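Below: the structure, in structure tokens.
Reckoned from all heavy atoms, side chains included, excluding hydrogens, waters and symmetry mates. Bear in mind the structure is a predicted one, so any value in this text is a computation, not a measurement. A note on names: the letters A, B, ... follow the listed sequences, proteins ahead of strands, and every chain is numbered from 1.
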2 protein chains.
Amino acid sequence: MAKRNDVLDFAVLGVLSSGPLHGYELRKRLADVLGTFRALSYGSLYPCLRRLQAGGLIEEVSLTPVSETSAPPLSGRRARIVYALTADGKEEFDRWANHPGPEAWEDEGFAAHLAFFGRTESRVRLRILEGRRSRLEERLATLRESLSRSGRRLDEYTLRLQEHGLDGVEREVRWLTELIDEERASDS
Amino acid sequence: MAKRNDVLDFAVLGVLSSGPLHGYELRKRLADVLGTFRALSYGSLYPCLRRLQAGGLIEEVSLTPVSETSAPPLSGRRARIVYALTADGKEEFDRWANHPGPEAWEDEGFAAHLAFFGRTESRVRLRILEGRRSRLEERLATLRESLSRSGRRLDEYTLRLQEHGLDGVEREVRWLTELIDEERASDS
DNA sequence: GTTAGCATGTAAGGAGTTACATGATTTT
DNA sequence: AAAATCATGTAACTCCTTACATGCTAAC
């Protein structure tokens, strides 16, 4: 199992795990949670919802979504399709959040896991943060190696770009170290 | 014109502009120049070469590529197909390098332009750097706005991730400002 | 009355990857 | 004799975006 769009599926389940929502609203939450960049189009989202529904992880409900606290008579507006997690969906989300695979060290996967750290056990959080840091340290080694290998014959500006990229990764490693230290302190 | 793969095409023309190369070697140079990340697969590169050839921007040559300085009798080895820029290809590359479109402010496009700054006029370099900086300042405004809008209801960790992303963009703006100042100084 | 925002969806296409197919040469 | 590196190429597949189709309500 687990082969297809994984990260997106996980994010959708994660957002739905705080309450039922319809597609349009879901997309906005997704953008907030994963960063404005990962604001996917409806052309991705709606097929994803159908896929999750077909897999029995979410279902249509007729409840008003949580966003509508003091419901305006939901007068007209086009019919919304509100989705909620099923029991299987909750289970699947929990499996994702607390039994991370190697996708959790990659850029997108890591961001998605971090976004739902509130639903992840402290022990697992630490594992994800450390795994991510190792991943970046590997990348750092590769970058340094390639820079010292081809650095001399590179354009001055290209060199600056590479060095800037390297600094960025180093910065992220320091950031992760901070998070790890805090996690260890609060866990103790 | 100009609709399809643009950035990749530009990068290939750019690498070939320092001398003829065959696909295998070209791919390695491309990785050095654009960062190891942008190391595209042969499944992308070879079709790209055929596309450029069909467009008359590159052509097959029987010369040994520059990489073979003191040629080992090129004994066996599978037949290599060495490509060189045509006159049209040189012209097209120059148009790219010195008449940048809006793609030059985006992540990939900017990296590609920077990689060939050696072949770009100082005046144009400045324009690209400043355009990129404006682009990032826009992004900064969007991020800040979305952070202050949805920041309160965000998970502590998600917030940290967003802030880290924001810091990263600010850092890039400072970096660009350095480059711009240097460019202005050397231009004077 | 027209624009903006809400709301769902499909079809076509772009850009890339992986896995495969093929085969030689050099190094271990 | 196996493994690594050189070298070119194709087919299938993934994931995503854009543009379109539809239609309602609220605000200007």
| request: Could you tell me whether the side chains of Arg127(A) and Thr120(A) share a donor-acceptor contact shorter than 3.5 Å? | output: no

| message | Categorize Arg50(A) for me: base, sugar-phosphate, or nothing, with a 4.0 angstrom heavy-atom threshold over every strand shown. | response | sugar-phosphate

| note | dist Glu121(B):CD -> Asn98(B):CG (nearest 0.5 Å) comes out at 4.5 Å

For [X] and [N], give me the distance from atom [atom1] to atom [atom2], rounded to whole Å.
{"X": "Glu60(A)", "N": "dG9(C)", "atom1": "CD", "atom2": "P", "answer": "8 Å"}
{"X": "Glu108(B)", "N": "dG14(C)", "atom1": "CD", "atom2": "C1'", "answer": "14 Å"}
{"X": "Leu40(A)", "N": "dT18(D)", "atom1": "CG", "atom2": "P", "answer": "12 Å"}
{"X": "Tyr83(A)", "N": "dG9(C)", "atom1": "OH", "atom2": "C1'", "answer": "10 Å"}
{"X": "Leu21(B)", "N": "dT8(D)", "atom1": "CG", "atom2": "C1'", "answer": "15 Å"}
{"X": "His22(A)", "N": "dG5(C)", "atom1": "NE2", "atom2": "P", "answer": "16 Å"}
{"X": "Arg27(A)", "N": "dT8(C)", "atom1": "CZ", "atom2": "P", "answer": "12 Å"}
{"X": "Tyr42(B)", "N": "dA15(C)", "atom1": "OH", "atom2": "C1'", "answer": "19 Å"}

Closer than 4.0 Å, any side-chain N/O of [X] to the OP1 or OP2 of [N]?
{"X": "Tyr24(A)", "N": "dC6(C)", "result": "yes"}
{"X": "Tyr46(A)", "N": "dT8(C)", "result": "yes"}
{"X": "Ser44(B)", "N": "dG16(C)", "result": "no"}

| request: For Lys28(B) and for Gly43(B), find the nucleotide of DNA chain D with the closest heavy atom, then tell me which residue's nucleotide is more 5'. | output: Lys28(B)

| said: Going by ring pair (Phe, Tyr, Trp, His ring centres under 6.0 Å), name the pairs with one or both residues in residues 120-146 of chain B, residues two or more places apart or in two chains. | reply: none

| request: Among residues two or more places apart or on two chains, list those pairs meeting ring pair (Phe, Tyr, Trp, His ring centres under 6.0 Å) that have a residue in residues 134-154 of chain A. | output: none

| request: Could you check Arg135(B), His113(B), Arg132(B) and say which one makes a side-chain hydrogen bond (donor to acceptor under 3.5 Å, both in side chains) with Glu106(B)? | output: Arg135(B)

| message | As a test of reading the structure: which of dG9(C), dT8(D), dT18(C) is closest to the side chain of Ile81(A), going by heavy atoms? | response | dG9(C)

